[in-house]
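Just below is one structure, and these are the notes that go with it.
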Amino acid sequence: MDLKPQRGKFITLEGVDGAGKSTHIPWIAAHLRQGSREVVVTREPGGTPLAEQLRALVLSEPMDALSETLLMFAARTDHLRQVILPALTRGAWVLCDRYTDATVAYQGGGKGVSADLIRRLAQSVHPDLMPDQTLVFDCPYEVSRRRLSLSGRAPDRFEAEGQAFFERVRAAYREIAQSAPARVCIVDASQDMDKVKVEVNNIIITI
Ligand code: TYD
């Protein structure tokens with residue numbers, strides 16, 4: 001993984017399900033596309049034909065947490081090679097909906113997969129690529145459930161988990177933010193959309 005110093009910025013959006021991060025992606029991308037800057041918008045698991053197939057599997061098929069973790073990293077490996085690294089290398093900015101912090105929060109915090117195993121997998125798959133900036137959309141369980149039910153779509157395997165799982169994932173994201181304060185900012189996503197926008201904007205103008 002040989003990234004030039006002038007590589008593009010790598011920005012990730014994270015957070016508990018139902019915090020509304022997907023709603024904010026289009027305007028954030030538009031905002032980042034100033035001048036002639038190329039911004040690649042992508043997501044995990046997914047972002048390539050193979051990784052999208054893995055996404056469909058992992059979001060729907062019952063499986064144990066270790067298999068889930070390995071599939072997340074399989075999808076991530078393909079995504080990095082095919083999309084993220086080529087984009088960053090040509091100087092484009094990458095705005096990615098979830099990345100390795102999601103594995104730490106969901107499979108590690110939520111499901112109890114060993115933090116050391118996740119760290120070692122991350123180290124093998126992307127030895128020197130963590131995001132330049134990560135925004136974690138945070139909200140309480142009740143807000144998340146309300147938004148998910150308003151969306152009208154059927155919950156995936158992770159959204160169908162109960163409150164205890166949600167709280168573990170939420171706490172894991174808080175720990176991630178505490179351990180990497182220069183990279184990770186928590187956004188209070190329980191506020192009105194306009195207030196969330198202001199908070200996000202204040203973060204992205206500093207990138
Ligand atoms: P999400 O990003 O919320 O997409 P949508 O807005 O379409 O629902 O869904 C992806 C789900 O995958 C989410 O519940 C978190 C989960 N996930 C993990 O458990 N581990 C991971 O490493 C990643 C990338 C995602």
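Atom set for the values below is all heavy atoms of this structure, side chains included, hydrogens, waters and symmetry mates excluded. Start at 1 and go down the list; that is how both ligands and their atoms are numbered.
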task = Looking only at distances, please establish whether an N/O atom of ligand 1 is found under 3.5 Å from an N/O atom of R43.
result = no
key: F10/T12 under side-chain contact (heavy atoms from CB on, under 4.5 Å): CA gap, chis, key distance, verdict   = CA-CA 7 Å; F10 183 30; T12 57; 3.8 Å; yes
task = Kindly indicate whether a cation-pi arrangement holds for R76 with F73, taking the cut-offs as under 6.0 Å to the six-membered ring centre and within 45° of the axis.
result = yes
task = Please check if atom CZ in R157 has more than 12 non-hydrogen atoms from other residues, nucleotides or ligands closer than 6.0 Å.
result = yes
ask   = What is the nearest protein non-hydrogen atom to atom 6 (O) of ligand 1, stated with its residue, atom name and distance?
value = S22 OG, 3.0 Å
request  = Identify the heavy atoms of T42 and G47 that sit nearest to each other, and give their distance.
outcome  = OG1-CA, 3.5 Å
request  = Would you check if there is a donor-acceptor pair between the side chains of R119 and S114 at a distance under 3.5 Å?
outcome  = no
message = Can you name the atoms of ligand 1, numbered from 1 with element, that are less than 4.0 Å from a heavy atom of R153?
response = 8 (O)
inquiry  = Keeping R7 on the side-chain end and L85 on the backbone end, is there a donor-acceptor pair under 3.5 Å?
reply    = no
note = So the atoms of ligand 1 within less than 4.0 Å of a heavy atom of E159 turn out to be 8 (O)
key: Nearest neighbour of atom 22 (O) of ligand 1 from the list T100, D156, T103, on a heavy-atom basis   = T103
message = Checking a contact table here: which protein heavy atom is nearest atom 5 (P) of ligand 1, and how many Å away?
response = R55 NH2, 3.9 Å
task = Using a strict 4.0 Å cut-off to heavy atoms of K21, name the atoms of ligand 1 that fall inside it.
result = 1 (P), 2 (O), 3 (O)
query = Which protein heavy atom lies closest to atom 21 (C) of ligand 1, and at what distance to 0.1 Å?
reply = M72 SD, 3.4 Å
query = Among the heavy atoms of H79, does any lie under 4.0 Å from an atom of ligand 1?
reply = no
message = As a check for students: among D17, T12, V104, T69, identify the option with a heavy atom nearest to atom 14 (O) of ligand 1.
response = D17
request  = Say whether Y106 and D17, considering side chains only, have a donor N or O and an acceptor N or O under 3.5 Å apart.
outcome  = yes
ask   = So, R147 and E142, do they make that salt bridge, N to O below 4.0 Å?
value = no
query = Which of the numbered atoms in ligand 1 are below 4.0 angstrom from a heavy atom of E44?
reply = 24 (C)
ask   = Nearest heavy atom to atom 11 (C) of ligand 1: which of L59, D101, L148 does it belong to?
value = L59
task = List every atom of ligand 1 that sits less than 4.0 Å from any heavy atom of R76, numbering the atoms from 1 in the order shown and giving each element.
result = 22 (O), 24 (C)
message = If we only consider heavy atoms of E68, is any one of them less than 4.0 Å away from an atom in ligand 1?
response = no
ask   = Side chains of Y173 and E14: is there a donor and an acceptor less than 3.5 Å apart?
value = yes
query = Has the side chain of D192 got a donor or acceptor atom that lies under 3.5 Å from a matching backbone atom of K195?
reply = no
ask   = Mind checking whether R157 has a heavy atom under 4.0 Å from ligand 1?
value = no
ask   = What protein heavy atom is closest to atom 20 (N) of ligand 1, reported as residue, atom name and distance in Å?
value = Q107 OE1, 2.8 Å
message = Residue-level breakdown please: for A102 versus ligand 1, do any non-hydrogen atoms fall below 4.0 Å on the side chain, on the backbone, on both, or on neither?
response = both
ask   = Would you say E159's side chain and D156's backbone share a donor-acceptor pair under 3.5 angstrom?
value = yes
ask   = Which protein non-hydrogen atom lies closest to atom 2 (O) of ligand 1, naming both residue and atom, and how far is it?
value = R98 NE, 2.7 Å
